[in-house]
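Reading through the structure tokens given below for one structure.
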Amino acid sequence: MSSVRRLFFGWALGLLLPTSTLAAPLDAQVLEAHLSPRSEVRVRHTLGDQVAILEVRHPNQDLVEVLDRQRGTLAKGARRIAAGADTWSIAIDLTQPGLAVRAQIAKKSGRLSVTISEPLAPPPLHPEELIGRIPTLIPIAVAPAALPPLPKVHPCPTRGPAEQLLKNGAKLSTEQHAKLITQVVEEPCRSFVMGERARYVLDRYERVDADLERWAFQAARVGRWARHPAAHAHTSLIAANVLIESGLYAEAETLLLADRMLKVQSLAPYLAYTLGRLYSRNGHAAEAEELLAKLVAESPEPELLGGAWALRIEAAERAGEHALGLSLVRQVKKTVDPKIIPASLWLRGAELALVAATRDEAADLFELAAIHGLPRARAHAELRLGDLAVADQKPGWEKAAEAHYKKVVPPDVCFEQLLELRQLVAKKSSRDKLLSALERLSAPTVCSAARVEGTYDQARLYGYWGQEARALALIAALRPETGWPAGLRLAMERLEEDLAASMLGRRAREGRYETILDLAAGELAPIVGRLPAGEQAIVAEACLEVGLPQRAESMLLPLLKRAGPERVHLSELLARSYLDQGEAERAELVLSYLANQPTADRYFVRGARARRDLMTGRPGAALSWLDAKPAPPAGDAEAELELLRAEALLGLDRVEEAANAYLKALGSSALDPRGVGVKLISSCSRSCTAPTLKRLISVLERTKPELLAGDRVAWLLGARGVASSTVPVDRSSIWAKLRDVEADTR
């Protein structure tokens, strides 16, 4: 089987669960067997698996049979799935997921005990496995609208309501603004004053209301103010920013590129900045970068310089160019005074550093935002610094995290809910208590950031407990209601991929190949295509196991074009697919490549070439591959080659040798040598010596009784005087009558 991500979310999949948490209750089932004192055992199992795999070193030959006989309420059988020179892999099939499995060998007696039970105290997840796992989760203020100062010459009188609005606008409330503006009726003064009201709203990141949106839309259709062209261009620039906030990008661009705007030289840097802001918002990242890079090179006033840098990074993030955005952050940190940089730049850069998994750099940038930012930016920065303390687990991390969280002064209910989420996880609550709390924090009334994080944490928990389908359903239900930024989308996609890999890996360990194909064509269909090649190989291997080699080939060929370390394993699967289709020449092309790869399985290549020669009617050539040196180690590799040797010897009519090779291959219960076995029994019944034939029948009765089924086999054995009681003879069949005739003529 291909190498899969057996570590789900960084949690141990292939290790023994802590024995301190798995004391067996009274209703536990214990499987026992005797081993030699030098034997060793290891368990590969997670609580979500319905199969536990024992890796047993120096096993007894009857170990699988002894374990399989001890079926009960929690274990429904045992089977050997692989064998090496001195190590067996034995699958214990469990009756349900969610069970704990541990194994130990008594030092003196060599007694193996496999304990299966419901865990008394399931191991809790640690805080670092949940807290702060999603970058770009908390909304960050976009780069501010940089607006020019109030022009000295404008169309409003120097006294009255308009004067009060223009001089004291920053000190007035929204209600006072609305009341005074109704008293201004003359045009173009009224339009000019509306522009200053819009400046007031934009500077404070307030929502643009319908009146302002209507005014800005009309401003794009009003002719030039003949006596005040500079004031008109100034007002049009503000109107364009309102249109940008309202998502009316085409109208904003038309207004910004109007002739009256381009002719006012003093507005040129503000015009470039606003166009860059527009292009950043509407997804034209290349145009935004070109404009803003030129603006930065011209060293405008500090407000424009800081805003232009922030816009460049915002545009890169919106376009999913995380590496470019982080590179720009590093550049501005080295070259620009941090006091003139909006705190949103440091926050955005820190979140991009989290996407890139450079935590120390993220911490430095959050520190800058905490020092230079306004209250909301400081709350964001301190919350993330607490998250980083939890994630890094450095000495004293608990006190450090608590100190940062205490500095968070929640600017709104969302931050209160995010803090509550961290307090819940830090308590290391039981699974049920934690899930209950997370469900409450995933309600529609909860703010978007807390709801997304709570749902993400639920999905991780369900995945850990083997309920990946439920976890994927949570993510799918969450996706439509959130406008996910690139970093958050990446985190969710990685979680989906981990869940899919866990589902496929579990079914592969359980040998449920048809289920793998159902998943790949059903609920995992949108995810499988973006999984790494190693995980997609699980699906291709399942196709081979259920007899769909053409489908496996169609998957493997595209994967090989982009595969890295998995290329050898994928090539082995491709060679299998060609052999299963009878494509000997194509198989040989792949095998020629594998023969020159140091990491390829040499015994697989030899066996595949022997299979190719058998397929093309050259049993002698096949035998030369099988007799080549070095000989394979004892185990499945040796058994598979011995099975092919039996087939090649049969093709050369060396039946006695074929029977001996076949008996050697039968030592592996992981094989299903039915095809060779049927032909061998027929041939051996005619030409093998009596001792060899009796030994073959004796072994088959114990290991493969289905090969002895049928009246024809009984007749052939009867003709040689060898009886088999496995299947009674049907007296009405022609084989029974031939058997009677043969007995009468002796």
Side-chain angles (χ1 to χ4, degrees), residues 139-151 187-188 190-225 228-296 300 303-304 307-319 342 344 483 485:
I140 301 172
V142 295
L147 302 173
L150 192 69
E187 289 291 357
R190 177 178 173 79
S191 184
F192 185 76
V193 171
M194 284 291 287
E196 291 310 304
R197 182 189 166 203
R199 177 203 293 273
Y200 175 90
V201 169
L202 294 169
D203 283 346
R204 289 156 183 78
Y205 295 101
E206 292 182 2
R207 186 179 64 84
V208 171
D209 60 29
D211 287 342
L212 279 179
E213 185 178 316
R214 192 179 305 111
W215 162 78
F217 195 78
Q218 292 172 348
R221 288 159 173 74
V222 175
R224 183 195 302 259
W225 300 344
H228 304 283
H232 190 203
H234 168 95
T235 302
S236 296
L237 183 69
I238 297 175
N241 277 283
V242 172
L243 293 172
I244 292 171
E245 291 302 313
S246 300
L248 299 170
Y249 301 132
E251 291 80 358
E253 185 173 21
T254 299
L255 185 52
L256 289 169
L257 297 178
D259 182 63
R260 62 176 178 274
M261 291 286 294
L262 298 173
K263 286 184 176 180
V264 181
Q265 189 62 34
S266 61
L267 290 182
Y270 295 96
L271 179 60
Y273 179 92
T274 305
L275 275 170
R277 192 163 184 258
L278 166 67
Y279 293 144
S280 172
R281 289 287 191 89
N282 67 3
H284 296 166
E287 292 88 338
E289 171 61 17
E290 182 180 358
L291 273 170
L292 295 168
K294 183 179 178 182
L295 179 60
V296 165
E303 182 189 15
L304 281 174
W309 276 111
L311 272 177
R312 293 177 74 185
I313 295 157
E314 180 184 320
E317 187 207 3
R318 285 178 182 272
S344 62

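- Between the side chains of Arg277 and Asn241, a donor-acceptor pair is found at a separation under 3.5 Å.
- By the 4.5 Å heavy-atom criterion applied to side chains, Pro148 and Leu267 are counted as neighbours.
- Note that OH of Tyr273 is 11.0 Å distant from CG of Leu237, once rounded to the nearest 0.5 Å.
- For Glu314 (side chain) and Ala143 (main-chain N/O), a donor-acceptor pair under 3.5 Å exists by modelled atom type.
- In this structure, Ser280 contributes its side chain and Gly276 its backbone to no donor-acceptor pair below 3.5 Å.
- A parallel orientation is assigned to the rings of His232 and Trp225, their planes being inclined by less than 30° (bins at 30° and 60°).
- Considering all non-hydrogen atoms of both residues, Leu304 and Ala146 come closest at CD2-CB, 3.5 Å.
- Of all heavy-atom pairs between Ser191 and Thr235, the closest is O-CG2, 3.7 Å.
- Atom CD1 in Ile313 sits 13.5 Å away from atom CZ in Arg318 (nearest 0.5 Å).
- Nearest heavy-atom pair across Ala231 and Phe192 is CB-CE1, 4.0 Å.
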Item to check | Residues Met194, Ile238; criterion side-chain contact (heavy atoms from CB on, under 4.5 Å); working and verdict | outcome: CA-CA 10 Å; Met194 284 291 287; Ile238 297 175; over 6 Å; no
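- For the residue pair Leu255 and Ala240, the shortest heavy atom distance occurs at CD2-N, 3.7 Å.
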Item to check | Check against side-chain contact (heavy atoms from CB on, under 4.5 Å), Glu253 and Tyr279 | outcome: CA-CA 9 Å; Glu253 185 173 21; Tyr279 293 144; 3.0 Å; yes
Checklist entry - Which is it for Leu257 and Leu271 under the side-chain contact (heavy atoms from CB on, under 4.5 Å) test, yes or no, and what are the steps along the way? => result CA-CA 9 Å; Leu257 297 178; Leu271 179 60; 5.9 Å; no
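- For Pro342 against Pro144, the heavy-atom pair with the smallest separation is CG-CD, 4.3 Å.
- Salt bridge status for Glu245 with Arg207: absent, with no side-chain N to carboxylate O gap under 4.0 Å.
- Residue Phe217 holds its CZ atom at 8.0 Å from CG of Leu243, rounded to the nearest 0.5 Å.
- When every heavy atom of Trp215 is checked against every heavy atom of Ala198, the shortest pair comes out as CZ3-CB, 4.1 Å.
- Taking CD from Glu213 and CD from Glu251, the interatomic distance works out to 9.5 Å, rounded to the nearest 0.5 Å.
- No side-chain heavy atom of Pro229 sits less than 4.5 Å from a side-chain heavy atom of Val264.
- At a threshold of 4.0 Å, the pair Asp209-Arg214 does not count as salt-bridged, since none of the basic side-chain nitrogens sits closer than that to a carboxylate oxygen.
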Taking distance alone, no hydrogens or angles, what donor-acceptor pairs closer than 3.5 Å link side-chain atoms of residues 283-294 to residues at least two apart or in another chain?
{"unit_1": "Glu289", "atom_1": "OE1", "unit_2": "Arg312", "atom_2": "NE", "d": "3.1"}
{"unit_1": "Glu289", "atom_1": "OE2", "unit_2": "Arg312", "atom_2": "NE", "d": "3.3"}
{"unit_1": "Glu289", "atom_1": "OE2", "unit_2": "Arg312", "atom_2": "NH2", "d": "2.6"}

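- Note that CD1 of Ile244 is 6.0 Å distant from CG of Leu256, once rounded to the nearest 0.5 Å.
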